[in-house]
Amino acid sequence: VELLDCEGSGNFTIDLAYPVGAFADDIQVTLYNKTCDEEVSGDEQVIALGSKEKYFNSSHPFERYVQQVSINSKYFSESDLLTWGGFGESSGTLTFCAKAETLLGSSDGVSVAFVKSDISVSFNLTDNTFNVFENKISSNDIITSEQNITTEYGVEACTCTVSPDVCHNEAPIFEQNGLINVCVYPDSKSSSSTQISNFDMKFVQDGEDVYTAVTITPDGPASTSLSNIGGTRDRYRV
């Protein structure tokens with residue numbers, strides 16, 4: 001996070017830098033309220049998203065996105081994002097949350113991971129100073145490396161019956177020219193808050209891809225010539 005004064009005008013910008021793995025096609029940043037549970041209203045005039053830049057260095061296995069957030073002190077008195085200090089409206093703290101999602105796909109990209117950051121900006125207009133302080137990652141914290149965005153959500157798959165689509169307790173015997181049903185679903189830790197928006201499925205033999213049953217597309221998972229996809233985002237059956 002970098003705080004910049006726009007040539008002494010009283011309008012400030014914050015540059016949020018996100019290093020992500022090279023697999024990502026883009027990132028999308030959304031501004032939220034203090035508790036990070038509601039998006040900032042379109043009527044909010046204190047903060048707004050600015051320009052977004054992408055940087056790539058061939059010597060590093062990741063890309064760097066920088067999203068600018070503008071701060072307009074003129075509207076401090078009208079915002080719910082402010083907590084006032086001991087000098088009336090001359091000092092206080094601006095608090096908000098920024099959610100960055102990595103997107104996969106060149107058109108209407110699919111969100112594959114996210115990270116939320118709590119941002120607090122203290123100010124004292126009697127001294128004409130700003131400080132950025134006590135910022136922390138509040139959700140989906142990346143502990144090992146910020147170069148590769150990871151997620152705690154899990155997905156499981158099993159061979160299953162057709163109706164109802166229940167996982168087999170034991171490995172079934174497959175017949176020549178018969179159908180193989182595979183169910184894909186969020187694991188028990190993720191099922192209450194997660195749906196599957198996209199996935200692919202390949203059959204591998206001796207380390208080689210021998211058949212692709214499902215491919216990823218901008219519109220969601222797509223079947224191939226010998227496969228069919230049923231179910232919903234809570235549980236797919238291929």
Side-chain angles (χ1 to χ4, degrees), residues 18-28 54-65 99-115 139-238:
Y18 299 99
V20 300
F23 74 89
D25 294 299
D26 198 2
I27 70 164
Q28 175 178 292
K54 175 181 177 181
Y55 301 91
F56 177 73
N57 187 331
S58 59
S59 63
H60 297 288
F62 63 90
E63 296 170 335
R64 183 170 179 261
Y65 290 84
K99 177 183 178 181
E101 300 176 87
T102 54
L103 304 180
L104 183 65
S106 57
S107 175
D108 298 327
V110 176
S111 175
V112 294
F114 73 89
V115 60
S139 297
N140 209 18
D141 194 3
I142 304 167
I143 299 174
T144 56
S145 173
E146 291 187 352
Q147 298 178 10
N148 299 295
I149 290 185
T150 59
T151 175
E152 297 177 355
Y153 301 144
V155 174
E156 294 182 347
C158 68
T159 57
C160 56
T161 58
V162 177
S163 181
D165 54 355
V166 178
C167 291
H168 289 121
N169 292 324
E170 299 180 358
I173 298 175
F174 300 116
E175 297 180 357
Q176 184 75 17
N177 298 323
L179 291 177
I180 301 174
N181 294 291
V182 179
C183 290
V184 182
Y185 51 93
D187 63 18
S188 59
K189 296 181 180 180
S190 309
S191 58
S192 61
S193 60
T194 306
Q195 291 184 321
I196 300 173
S197 61
N198 221 334
F199 69 96
D200 64 359
M201 182 182 297
K202 297 179 181 180
F203 287 79
V204 180
Q205 183 175 357
D206 298 328
E208 298 290 335
D209 296 344
V210 295
Y211 173 63
T212 298
V214 181
T215 60
I216 291 177
T217 74
D219 297 324
S223 59
T224 57
S225 59
L226 297 178
S227 65
N228 181 64
I229 301 175
T232 66
R233 292 187 173 193
D234 294 318
R235 187 181 180 93
Y236 283 102
R237 185 182 70 254
V238 180

Closest contact, heavy atoms only, C167 versus Y185: SG-OH, 3.6 Å
Pairwise side-chain contact, V184 with I196, heavy-atom cut-off 4.5 Å (strictly under): yes
Scanning both residues in full, the closest heavy-atom pair of A222 with I229 reads C-CD1, 3.6 Å
Are P221 and V214 packed together at the side-chain level, in the sense that at least one heavy-atom pair is separated by less than 4.5 angstrom? yes
Do V115 and Y18 have side chains that approach each other closer than 4.5 Å (heavy atoms only, starting at C-beta)? yes
Rounded at 0.5 Å granularity, tell me how far OG1 in T159 sits from CG in N181. 9.0 Å
Residue pairs involving residues 208-218 (criterion salt bridge (Lys or Arg N to Asp or Glu O under 4.0 Å); sequence neighbours excluded): K202-D209
I need the T102 OG1 to Q28 CD distance, nearest 0.5 Å. 10.5 Å
Flag this pair as yes if the NZ/CZ of K99 is under 6.0 angstrom from the six-membered ring centre of F114 and inside a 45 degree cone about the axis; otherwise no. yes
Between the CG atom in D200 and the OG1 atom in T217, the distance rounded to the nearest 0.5 Å is 11.0 Å
Aromatic contact between F199 and Y236, with the criterion being ring centroids under 6.0 Å apart: yes or no? yes
In this structure, CG of L179 is separated from CG of L226 (nearest 0.5 Å) by 10.5 Å
Can you tell if the side chain of R237 reaches within under 4.5 Å of the side chain of V182, non-hydrogen atoms only? no
Using 0.5 Å steps for rounding, measure from the CD atom of E170 to the CD1 atom of I173. 10.0 Å
Any residue meeting side-chain hydrogen bond (donor to acceptor under 3.5 Å, both in side chains) with T224, in chain and number order, not counting sequence neighbours: Y211, S227
Between T232 (side chain only) and D234 (backbone N and O only), is there a donor and an acceptor less than 3.5 Å apart? yes
For the Cys pair C183 and C158, is the SG-SG distance shorter than 2.5 Å? no
